[in-house]
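One structure is given here, and the rest of the page talks about it.
First the proteins, then the strands, lettered A, B, ... as listed; each starts at 1. Predicted model, so just to flag it, every value in this text is computed and none were measured.
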There are 4 protein chains.
Amino acid sequence: MIGCAIETLATEGYAQASLAHIAQRAEVSKSSINYYFSSKEELLKQVVIEVYNGAAAYIGPRISAQSGASERLRAYIEAHVEYISQHLTEMMALAEIGLNARTADGKPPLASLTGEPALDPLIRLLRVGQEAGEFRDFDARVVAITIRRAIDGTSRLLIGNPDLDVGHYTRELVTLFDFATLKGTTHDHLHLSRK
Amino acid sequence: MIGCAIETLATEGYAQASLAHIAQRAEVSKSSINYYFSSKEELLKQVVIEVYNGAAAYIGPRISAQSGASERLRAYIEAHVEYISQHLTEMMALAEIGLNARTADGKPPLASLTGEPALDPLIRLLRVGQEAGEFRDFDARVVAITIRRAIDGTSRLLIGNPDLDVGHYTRELVTLFDFATLKGTTHDHLHLSRK
Amino acid sequence: MIGCAIETLATEGYAQASLAHIAQRAEVSKSSINYYFSSKEELLKQVVIEVYNGAAAYIGPRISAQSGASERLRAYIEAHVEYISQHLTEMMALAEIGLNARTADGKPPLASLTGEPALDPLIRLLRVGQEAGEFRDFDARVVAITIRRAIDGTSRLLIGNPDLDVGHYTRELVTLFDFATLKGTTHDHLHLSRK
Amino acid sequence: MIGCAIETLATEGYAQASLAHIAQRAEVSKSSINYYFSSKEELLKQVVIEVYNGAAAYIGPRISAQSGASERLRAYIEAHVEYISQHLTEMMALAEIGLNARTADGKPPLASLTGEPALDPLIRLLRVGQEAGEFRDFDARVVAITIRRAIDGTSRLLIGNPDLDVGHYTRELVTLFDFATLKGTTHDHLHLSRK
DNA sequence: TATGAATGAGCATTCATTCAT
DNA sequence: CATGAATGAATGCTCATTCAT
């Protein structure tokens with residue numbers, strides 16, 4: 001049932017993801033959904049949890065397997081893009097919810113996903129790299145946000161370009177952020193002159 | 001009236017931006033909106049045009065004023081982030097529309113805004129820089145997408161952190177993409193080893 | 001303007017014959033219609049009058065030109081069918097109004113057109129024919145109603161069969177009602193046995 | 001619910017037969033109608049089917065019970081008028097739908113009811129009578145149309161004259177079409193002279 | 001004379017939810 | 001455990017009408 005909700009969200013969009021449509025896809029009655037989930041909000045929350053846990057289970061170990069900060073960053077990007085490319089539907093669903101769902105007061109409640117809390121591990125990773133002397137001196141939060149934005153954009157990119165070479169895209173992204181983060185001598189004048 | 005539509009979209013979200021809510025904010029009747037705009041779709045289209053033109057008028061000249069590719073890229077980022085930080089509401093509205101509106105068949109029709117066509121000038125800018133020997137050898141499209149994603153994320157970031165130091169954020173972003181794009185010697189081994 | 005109302009009614013139907021559509025066809029503003037006609041009801045009334053007078057001006061003399069009752073009846077049918085076939089649009093408009101317009105209380109107010117009052121001349125014609133011994137002994141009202149129904153159906157018939165041979169159709173109709181009304185000996189037993 | 005739709009159509013007319021009005025008469029909510037009927041069009045279709053089937057069930061056997069063509073024609077008229085006089089409301093509803101409903105392109109889609117297809121059995125009946133030598137030589141289609149028009153007009157007639165003597169009216173109609181169709185000698189000169 | 005602006009009422013339809021079974 | 005029935009609220013939209021100009 002959660003699976004059908006995901007499919008509906010991904011293929012029809014948030015606005016069309018009514019209980020009726022989800023129920024139709026799941027070939028159950030609308031009432032059944034309300035039986036298992038106290039409200040639509042609850043259903044969406046479960047969708048988020050399900051998708052999020054699935055991603056974490058795949059990505060977490062991939063990062064942990066690496067030891068150096070730069071290797072971890074590469075693994076972070078690679079694992080995310082890879083997972084996204086293999087779970088496009090779920091990611092689209094997540095995006096639909098994250099961009100539309102609001103709390104009663106009106107503001108994006110699931111900012112927690114793409115937002116600050118979810119960003120913390122990445123920020124920590126970057127700071128560790130800086131302390132270890134692997135990364136140059138940047139604002140870890142800004143870089144983290146940029147990386148997350150690049151990663152989160154992957155699903156849309158793949159939707160629009162289904163035959164995109166994911167491997168090539170991943171490598172380019174990794175290289176890009178390698179250059180952007182790794183300590184080097186050549187570019188330092190730029191960095192300093194801008195400070 | 002378009003202004004109120006923008007405010008409603010930005011503060012209440014796409015789903016809550018009904019004609020009734022927009023009309024209420026504008027202190028006119030629902031019918032009046034339908035008098036000036038033949039449909040809701042038309043209203044949203046006008047919102048997009050209005051916001052888009054305003055941004056282009058500000059940003060375009062700022063980029064053109066620069067001559068070198070790397071200076072242009074810096075101007076691109078700076079002008080965008082600056083404009084976004086000063087027109088947060090409009091940008092949020094644009095995002096709400098771009099991410100939710102669908103054509104009759106169901107898929108993102110306004111991808112044109114954040115999507116491919118809008119990307120072309122940036123891609124060209126990057127390629128010019130590569131041909132001029134200013135930029136290293138990267139996939140211009142991947143880098144362009146990443147830059148756009150970083151820029152487009154600014155509005156959400158500012159919503160969540162209203163007292164963010166925009167100047168600092170912009171400088172960090174510019175530096176990040178300087179490192180990511182400019183030709184240097186130090187990091188070349190990374191790039192090559194990954195190829 | 002009345003002409004455009006007629007066209008709109010005939011081609012788009014009563015439900016679609018809004019002031020907006022009529023105004024569009026007439027290439028004037030909606031307000032102009034309300035300026036010349038105090039209400040939509042008034043406009044429709046004028047349409048009815050216009051069409052009705054046009055028909056009367058054509059048909060009246062054609063009937064009066066005949067002297068015998070049976071000749072008059074033939075002229076009645078012939079003139080009507082002929083006029084209808086040449087003014088299909090107007091007739092369709094009349095039908096749309098007659099079948100849909102209602103007074104405030106809810107009942108067909110324009111029954112006067114196809115209804116009783118409009119029937120009186122025909123009833124009188126038939127009775128004169130009976131008194132003159134030309135027509136058999138029938139209920140003039142029933143026959144009159146039947147003749148009117150046949151005539152009124154002509155427009156629909158022509159809409160559905162645009163290449164109908166109107167001359168043939170008219171002759172068949174005239175013959176049919178000749179048989180139905182003229183005094184004869186052969187069928188009298190039927191009539192009597194049914195009384 | 002279909003019953004209330006019929007009543008509303010008959011008493012208030014097609015234009016006033018909104019879901020709101022029908023729901024009010026049925027003392028249910030508008031939503032309930034949409035629950036049972038996927039659209040208003042569907043509701044009207046069911047009304048047509050219901051009424052049509054009811055009529056067919058009554059009228060069909062009455063005609064089949066007769067053997068001769070002229071007897072069948074009499075039964076055809078008698079059964080129709082009788083049924084109509086006893087189901088005035090339903091017939092009015094049917095008329096409102098048939099005369100107003102339009103397909104997306106704009107023209108009368110339910111012509112099938114009063115229109116050509118529904119006419120075929122009557123045309124066949126008349127032709128059989130002609131081949132059997134019972135009926136004179138007329139255009140069966142024209143006569144059929146005229147008979148249907150007379151029958152279809154009955155409901156309007158009864159609405160306008162609730163205390164009409166239906167028996168008398170039926171007999172007059174039957175006699176009229178007896179004279180109009182049966183082979184006789186007296187009138188033949190008319191027919192021939194017109195040919 | 002003619003029209004743009006504005007609106008309240010009404011339309012068919014969709015939705016999440018409740019309730020009895 | 002599951003669902004059919006039912007509904008109030010809300011949606012985008014059309015309409016005839018009014019009013020100031």
Check your understanding: Which dot-bracket string fits DNA chain F when only Watson-Crick or G-U wobble pairs with both atom distances under 3.5 Å count, crossing pairs get [ ], and | stands for a partner on a different strand?
Key -> .||||||||||||||||||||

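For B:Glu96, the salt bridge (Lys or Arg N to Asp or Glu O under 4.0 Å) partners at least two apart in sequence or on another chain are A:Arg102. Every residue was checked against the ring pair (Phe, Tyr, Trp, His ring centres under 6.0 Å) condition with B:Tyr14, not counting sequence neighbours, and none meets it. Not counting sequence neighbours, B:His21 has no partner by the ring pair (Phe, Tyr, Trp, His ring centres under 6.0 Å) test.
Atom-to-atom distance recorded for C:Ile159:CD1 and C:Met91:CE is 11.5 Å, nearest 0.5 angstrom. Summarising the geometry, atom CG belonging to A:Leu9 is positioned 11.0 Å from atom OG1 belonging to A:Thr89; distances are rounded to the nearest 0.5 Å. Taking NE2 of B:His87 as the start and CD1 of B:Ile6 as the end, the distance is 10.0 Å to the nearest 0.5 Å.
The residue among A:Gln16 and D:Ala20 whose nearest nucleotide of DNA chain E is located toward the 5' end is D:Ala20. Looking at which nucleotide of DNA chain E each of D:Leu19 and A:Ser39 is closest to, the 5′-most match is held by D:Leu19. When the nearest nucleotides of DNA chain F are assigned to C:Ser38 and D:Ile33 by heavy-atom distance, the more 5′-ward of the two goes with D:Ile33.
A close approach under 4.0 Å does not occur between any side-chain nitrogen or oxygen of C:Ser18 and OP1 or OP2 of F:dT14.
At whole-Å resolution of the value, CZ in B:Phe37 and P in F:dT14 are 15 Å apart. As a whole-Å value, the separation of C:Glu41 CD from F:dA16 P is 13 Å. Taking atom NE2 of residue C:His21 and atom P of nucleotide F:dC13, one finds them 14 Å apart after rounding to whole Å. When rounded to the nearest whole Å, the span between CG of D:Leu43 and C1' of E:dC11 equals 15 Å. Distance NZ (A:Lys40) to P (E:dA16): 4 Å, rounded to an integer number of Å. Atom OH of D:Tyr35 and atom P of E:dT17 are 17 Å apart (whole Å). In this structure, B:Leu44 places its CG atom 12 Å from C1' of F:dG12, rounding to the nearest Å. Going from atom OH of C:Tyr14 over to atom P of F:dC15 covers 13 Å, rounded to whole Å.
Remark: B:Val28, B:Ser29, B:Lys30, B:Ser31 in residues 23-31 of chain B come within less than 4.0 Å of DNA chain E through at least one heavy atom.
Here salt bridge (charged side-chain N to carboxylate O under 4.0 Å, His left out) pairs that include residues 13-25 of chain C, with residues two or more places apart or in two chains, are C:Glu7-C:Arg25, C:Glu12-C:Arg25.
Between the side chains of C:Glu42 and C:Gln46, at least one donor N or O sits under 3.5 Å from an acceptor N or O.
Residue B:Ser32 is classed as a base contact, given a heavy-atom separation below 4.0 Å to a base.
Between the side chain of D:Ser32 and the backbone N or O of D:Val28, no donor-acceptor pair lies under 3.5 Å.
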